[in-house]
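So the structure is just underneath, and the comments pick up after that.
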There are 2 protein chains.
Amino acid sequence: MPDPMYRSIADDLRDKIESGELGRGTQLPTELELRDQYNASRNTIRDAVKLLITRGLVETRPGQGTFVVGKLDPYITILDLDTGFGEGGLVYAPDRPTEPTTPRVSDPRIEIHQAAGTLADELQLEDGAAVISRHQQRFIGDAPWSLQTTWYPMHFVDEGAVSLIKAKDMPQGVVRYLGEALGIKQARWRDQISVRAPDPIEARFFGLPDDGHVRVFEIRRIAFQDSGAPLRLTVTTYPADRNEFVMNVGDVPDTGAHPPGSGQPAPDGPGATAADQG
Amino acid sequence: MPDPMYRSIADDLRDKIESGELGRGTQLPTELELRDQYNASRNTIRDAVKLLITRGLVETRPGQGTFVVGKLDPYITILDLDTGFGEGGLVYAPDRPTEPTTPRVSDPRIEIHQAAGTLADELQLEDGAAVISRHQQRFIGDAPWSLQTTWYPMHFVDEGAVSLIKAKDMPQGVVRYLGEALGIKQARWRDQISVRAPDPIEARFFGLPDDGHVRVFEIRRIAFQDSGAPLRLTVTTYPADRNEFVMNVGDVPDTGAHPPGSGQPAPDGPGATAADQG
DNA sequence: AACGATTTGTTCGTATGTATC
DNA sequence: TGATACATACGAACAAATCGT
């Protein structure tokens, strides 16, 4: 009838964390101490702690203890400017809340594939048409920040944009290069934002805990030329526990590029008060 | 030195799921069968399954078994039109991929607070100034879809917009009402997208599994009047396992409002091929 | 409606390994 | 090196949910 013991213990600890009794960075009592405090077995205590880990509230460090994790100060990416995404542009780092940072970008890994299924659909190519992909790691300072892959129709290369297949970053941007080489302009695009579990490569690159509770944002940008023909598909992933995205519509007054509220939830959230049980 | 047993088992099962050998909805072998197959104890099998649950790959049903979960067909919300968000407008449901659906909205729960901290900052009010909050549950069909709270400066009510404090939904939209009552226009806004663990009320409303591995999107919209003064702050949360957001920049060609790729990842993802271990 | 079989959920005990200080 | 703390693995017993008879 009542909650199982490990859940009650987890809820009790969660209350202590959210009330501030256990501040961020604080070490929890050890498993053996908690076992005595709650009069449970060590395994039951461990079940409770696992629940708090999955909820993102605590982390364990072998040989040290269990600690309250604070919300990470997020990287903030502006989505409404072309330069803010895709070529590595408008990003705000925690240490520079009001001034954009420039990410460091690895040289791309180039691959050539035959488009199939979704990829062919999105680029509006025949099934089996050749595409070129450019895959890059992106860092802010020394910290891994995002993984990005962009696919282009191969016919751009045939038409003269041969640098597309060179494994060298283009600091000025691929879009500008395509404009100069072929007169192609990226006029409009669609961004699609979703969240999913990381694959093993993403988990390793971002250094995510291997229990898999941290999710990644996946942002797909399909960009089109003036003519309406698809130009490229860009898929970028970011760890969801330290990234946020901002989109401005219209000329938004200057309250600082860094949203004032980031890092601190509103005093009252969508579900913070009561009710909602109906 | 090698991976622990429960992790190897989990990885083996994950491979079978992602290769399609175990399709969505398929029942896995029972814990006792897996115990014999992998020559492990039942508890070790259960540890492996817990990992797959946290990764969102399987779910367990007491008395029945363990099953592969398919990716849910997402609700798709368009963020670039005002009607698409805030008043309940442009949303595409899985059963209607090309035609917008109209969400059903509960009557609001009205509360009056004193703005403090973040809320006062974002609405640019004095600390302690009165604000009114309108909290609503939003459904698509019978399914819970999102929770939304909007805060307005109380002076709008003093100036004549008395319907703001009536616990009645405004199907035509609060923005239009404020325009008619006070001549106020919502001209521009900023959306901020983040992901976090659900609070208990959200978990219950959305029916999320109580182990807490499903995250919620939190979208904060700060809207401004023509004058540049803040109009309102809206915070909306959506379960992240069945919602996606789309933003169009420029006049995007018609490839269907439902992005062709949703539900199916690209054949090649940002981390799908190799390398990235550097 | 009742019962038994099956399957996952909870809780305990115990032993040993590994990381950190 | 020893002590401490978390990680892995096994065994066991009972509870609770589901399903078919």
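Chain letters run A, B, ... following the sequence lines, proteins first, then strands; residues in each count from 1.
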Requested in this report: Name all residues meeting the side-chain hydrogen bond (donor to acceptor under 3.5 Å, both in side chains) criterion together with A/Ser41; count only those two or more places apart in sequence or in a different chain, and write none if there are none.
Outcome: A/Thr44
**Report entry** Axial bend angle, the helix from C/dA2-D/dT21 to C/dC21-D/dG2: five-pair end segments, nearest 10°
**Finding:** 10°
Report summary line: Sorted by chain and residue number, the salt bridge (Lys or Arg N to Asp or Glu O under 4.0 Å) partners of A/Asp210 (sequence neighbours excluded) come out as B/Arg7
Query raised in the report: Got a donor-acceptor contact below 3.5 angstrom from the B/Glu202 side chain to the B/Leu147 backbone?
Result: no
Requested in this report: Please tell me which of the listed nucleotides, C/dT10, C/dG13, D/dT8, lies nearest to the side chain of A/Ser41?
Outcome: C/dG13
**Report entry** Partner residues of A/Asp12 under the side-chain contact (heavy atoms from CB on, under 4.5 Å) criterion, sequence neighbours left out
**Finding:** A/Lys16, A/Tyr38
Query raised in the report: Roughly how many Å is it from OH in B/Tyr38 to P in D/dT8, rounded to a whole number?
Result: 18 Å
Side-chain donor-acceptor pairs under 3.5 Å in residues 50-62 of chain B, sequence neighbours left out?
unit_1  : atom_1 : unit_2  : atom_2 : d
B/Thr54 : OG1    : B/Lys50 : O      : 3.1
B/Arg55 : NH1    : B/Asp11 : OD1    : 3.4
B/Glu59 : OE2    : B/Arg61 : NH2    : 3.1

Query - Stepwise ring pair (Phe, Tyr, Trp, His ring centres under 6.0 Å) check, A/Tyr238 with A/Phe245 - result: CA-CA 10 Å; A/Tyr238 309 77; A/Phe245 298 90; 4.9 Å; yes
**Report entry** First of A/Asn39 and B/Glu33 reached from the 5' end of DNA chain C, by closest nucleotide
**Finding:** B/Glu33
Report task. Would you please confirm or rule out a distance under 4.0 Å between OP1 or OP2 of C/dC12 and any side-chain N or O of A/Thr44? Result -> yes
Query raised in the report: B/Glu31 CD to C/dT8 P: how many Å, rounded?
Result: 4 Å
**Report entry** Nucleotide C/dT11, atom P - distance to CG of A/Leu51 in whole Å
**Finding:** 12 Å
Requested in this report: Please name all residues satisfying side-chain contact (heavy atoms from CB on, under 4.5 Å) with A/Val214, sequence neighbours left out, ordered by chain then number.
Outcome: A/Leu208, A/Pro209, A/Asp241
Query raised in the report: Looking at DNA chain D, which of residues 56-65 of chain B put a heavy atom within less than 4.0 Å of it?
Result: B/Pro62, B/Gly63, B/Gln64
Report task. Could you check if a side-chain atom of B/Arg196 sits within less than 4.5 angstrom of a side-chain atom of A/Lys71, using non-hydrogen atoms only? Result -> no
**Report entry** With A/Pro144 via side-chain contact (heavy atoms from CB on, under 4.5 Å) - residues at least two apart
**Finding:** A/Phe139, A/Phe205, A/Phe206
Query raised in the report: C/dT7 P sits how many Å from B/Phe67 CZ, rounded?
Result: 11 Å
Query raised in the report: Given atom CD of A/Gln27 and atom P of D/dT4, what is their separation to the nearest angstrom?
Result: 14 Å
Query raised in the report: Whole-Å distance between C/dA15 P and A/Asn43 CG?
Result: 13 Å
Query raised in the report: Rounded to the Å, how far apart are B/Arg46 CZ and D/dT8 C1'?
Result: 16 Å
Query - Contact list for DNA chain C against residues 5-18 of chain A - heavy-atom distance below 4.0 Å - result: A/Met5, A/Tyr6, A/Arg7
Query raised in the report: Below 4.0 angstrom from OP1 or OP2 of C/dC12, is there any side-chain N or O of A/Arg42?
Result: no
Query - Set of residues satisfying side-chain hydrogen bond (donor to acceptor under 3.5 Å, both in side chains) with respect to B/Arg46, sequence neighbours excluded - result: B/Glu31
Query raised in the report: Nearest-Å distance, CG (B/Asp3) to P (D/dA7)?
Result: 15 Å
Query raised in the report: Does the side chain of A/Gln148 reach to within under 4.5 Å of the side chain of A/Val105, using non-hydrogen atoms?
Result: no
Report task. Determine yes or no for a side-chain-to-main-chain donor-acceptor pair under 3.5 angstrom, with B/Glu99 supplying the side chain and B/Arg96 the backbone. Result -> no
Query raised in the report: Within the structure, does a side-chain N or O atom of B/Thr30 lie under 4.0 Å from either OP1 or OP2 of C/dT6?
Result: no
Query raised in the report: Got a sec, which residues hit side-chain contact (heavy atoms from CB on, under 4.5 Å) with A/Pro200, two or more places apart in sequence or on another chain?
Result: B/Arg14
Report task. For DNA chain C, determine which residues of residues 207-215 of chain B have any heavy atom closer than 4.0 angstrom to one of its atoms, and list them numerically. Result -> none
Requested in this report: Examine the side chains of B/Thr150 and B/Arg134 and answer whether a donor and an acceptor come within less than 3.5 Å of each other.
Outcome: no
